[in-house]
Student: 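Sending over a structure as structure tokens; questions will come in a sec.
Sequence positions, counted from 1, serve as the residue numbers for this chain.
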Amino acid sequence: MKKSLIALAVLAASGAVMAQSSITLYGVADAGVGKIENGAAKNANDASDGAQFISASLMNNGTSRLGVRGTEDLGGGLKAGFQFETGLDLDQGNAGAKTDEKTDAFWARQANLWLGGSWGTFKMGRQFTPSYLAGSTYELTGAANYSVLSNTYNWAGIGSRANSAFAYVTPNMGGFSAAAAFVTKDDLKLKSNKAAYDLGLMYKSGPVGVGLSVNKVGNSKTNYQVGGKYNFGGFALAASYTQASKADSKAIRRGFGVGASASFDAFTLTLDLTRDSKNEWNTSGKKYTNGVVEAKYALSKRTFVYGAFLRLDDTNNYGIGVRHNF
């Protein structure tokens, strides 16, 4: 009898512990057909020599992925959690992606650990940059792979993700939030032997989305991007202004963006444009007008078909595909 009572007590205790933790498996499957000229070599997958099967490419709405995230309630309002996420290329089933020019990483999309509470969240590891978080509040395509704003200015020069980052994100305070990230000089290993910082301020409430980001990577210029979006119901307008430079580089690319999106029941049509006012990223200094046209039709809450055409730095790129979120 005593053994039975002890066993029941252990089972009850373990159940209480399990109830305080949760683990979620999630992902995206996205594939289609398209033609990509920008940055593509002849006779390569997703290349410029003709229409091909595309996955994890510039002209997919998103990159197929598989992720796992977990949260544990530590009590007293404190929580701990993690997120691991890998990309998937449905061309051949390849996993992982390059996080820089030298490294292939399996968990290239997310690999981080965090602590959080009513005071906000402190996160360590590979994660979204504050500049990405700020820009996604007003970007019209939902930060699609073919976003003209991100492809022209690379999220204010710093990109969408950072390795080895220490970051803090405030709680939402009446629609306002902020994020700050820091990467040490020893983790960056740049020629300038300097660190990187990134700051983002965001406001998102009702029809309004506004973001401001400032970052500096090593010996780069101070980069910034500011923008906003207003949703009138079935119609949205967005505008932005950016100055971007690459890591350890003084060469800048500066310009503005403007776009609109209209929704008709399950159908959404988006037009987004960027125009350089200065471009030192190429030797000629040529300034470009880039643009994307996107059409989406929702088959359900988790599945939609899409088609997009992207004009990017004198290249023409298109894709038609299906995306399913799970």
Side-chain angles (χ1 to χ4, degrees), residues 36-39 58-59 128-162 179 190 192 194 196-203 208-231 235-261 270-294 308-318:
I36 300 170
E37 293 182 355
N38 186 75
L58 171 69
M59 292 313 298
F128 287 130
T129 62
S131 287
Y132 168 85
L133 297 176
S136 63
T137 61
Y138 52 83
E139 200 282 329
L140 286 170
T141 66
N145 288 6
Y146 44 70
S147 161
V148 70
L149 189 62
S150 68
N151 282 291
T152 302
Y153 301 115
N154 193 28
W155 301 110
I158 201 169
S160 60
R161 295 171 178 82
L190 297 174
S192 64
K194 292 183 178 180
Y197 73 82
D198 191 7
L199 306 173
L201 299 174
M202 297 142 281
Y203 176 78
V208 179
V210 179
L212 168 66
S213 63
V214 179
N215 69 73
K216 188 173 174 60
V217 184
N219 204 34
S220 75
K221 288 281 190 178
T222 299
N223 306 319
Y224 59 85
Q225 188 170 68
V226 59
K229 178 176 69 175
Y230 191 89
N231 194 325
F235 185 73
L237 288 174
S240 61
Y241 189 79
T242 308
Q243 174 174 291
S245 60
K246 300 176 182 179
D248 253 0
S249 172
K250 298 293 186 181
I252 64 171
R253 188 167 189 176
R254 185 187 299 136
F256 63 88
V258 62
S261 181
T270 299
L271 171 65
D272 208 7
L273 304 170
T274 60
R275 172 60 187 176
D276 293 331
S277 59
K278 186 172 186 177
N279 185 8
E280 298 174 341
W281 286 12
N282 58 53
T283 55
S284 67
K286 183 176 180 180
K287 294 179 284 188
Y288 295 98
T289 298
N290 294 332
V292 65
V293 179
E294 176 201 54
F309 175 83
L310 173 66
R311 176 71 173 176
L312 180 62
D313 295 355
D314 281 343
T315 66
N316 297 317
N317 314 271
Y318 71 80

Student: Find out whether Leu310 and Val148 are in side-chain contact, i.e. whether some heavy atom of one side chain is under 4.5 Å from a heavy atom of the other.
Tutor: yes
Student: Measure the shortest side-chain to side-chain distance between Arg253 and Tyr153 over non-hydrogen atoms and say whether it is less than 4.5 angstrom.
Tutor: yes
Student: Would you please test Leu140 and Val292 for side chain to side chain contact (heavy atoms under 4.5 Å, CB included) and show each step?
Tutor: CA-CA 10 Å; Leu140 286 170; Val292 65; over 6 Å; no
Student: To the nearest 0.5 Å, what is the distance between OG on Ser277 and CD1 on Ile252?
Tutor: 8.0 Å
Student: If you look only at distance, which donor and acceptor atoms sit under 3.5 Å apart when one is on a side chain in residues 209-217 and the other is two or more places apart or in another chain?
Tutor:
residue : atom : partner : partner atom : Å
Ser213  : OG   : Ser131  : OG           : 3.4
Asn215  : OD1  : Asn223  : ND2          : 2.8
Asn215  : ND2  : Ser131  : OG           : 3.1
Asn215  : ND2  : Ala156  : O            : 3.1
Lys216  : NZ   : Ser220  : O            : 2.3

Student: Between Arg311 and Tyr288, is any pair of side-chain heavy atoms under 4.5 Å apart?
Tutor: no
Student: State the OG1-CD1 distance between Thr129 and Ile158, to the nearest 0.5 angstrom.
Tutor: 5.5 Å
Student: Could you go through Met59 and Phe309, starting from their C-alpha distance and side-chain angles, then the distance that decides it, and tell me whether this counts as side chain to side chain contact (heavy atoms under 4.5 Å, CB included)?
Tutor: CA-CA 8 Å; Met59 292 313 298; Phe309 175 83; 5.9 Å; no
Student: Listed by chain and number, what are the side-chain hydrogen bond (donor to acceptor under 3.5 Å, both in side chains) partners of Ser150, not counting sequence neighbours?
Tutor: Ser147
Student: In the structure I gave you, are the side-chain heavy atoms of Asn151 and Asp313 within less than 4.5 Å of one another anywhere?
Tutor: no
Student: Should Leu237 and Tyr230 count as side-chain neighbours, where that means a heavy-atom distance under 4.5 Å?
Tutor: no
Student: Under the rule for salt bridge (Lys or Arg N to Asp or Glu O under 4.0 Å), what residues qualify as partners of Lys286, not counting sequence neighbours?
Tutor: Asp314
Student: Do the non-hydrogen side-chain atoms of Leu199 and Pro130 ever get within less than 4.5 Å of each other?
Tutor: no
Student: Does a side-chain heavy-atom distance below 4.5 Å link Arg275 with Lys287?
Tutor: yes
Student: Would you mind reporting whether Asn145 and Leu58 have side-chain heavy atoms less than 4.5 Å apart?
Tutor: no
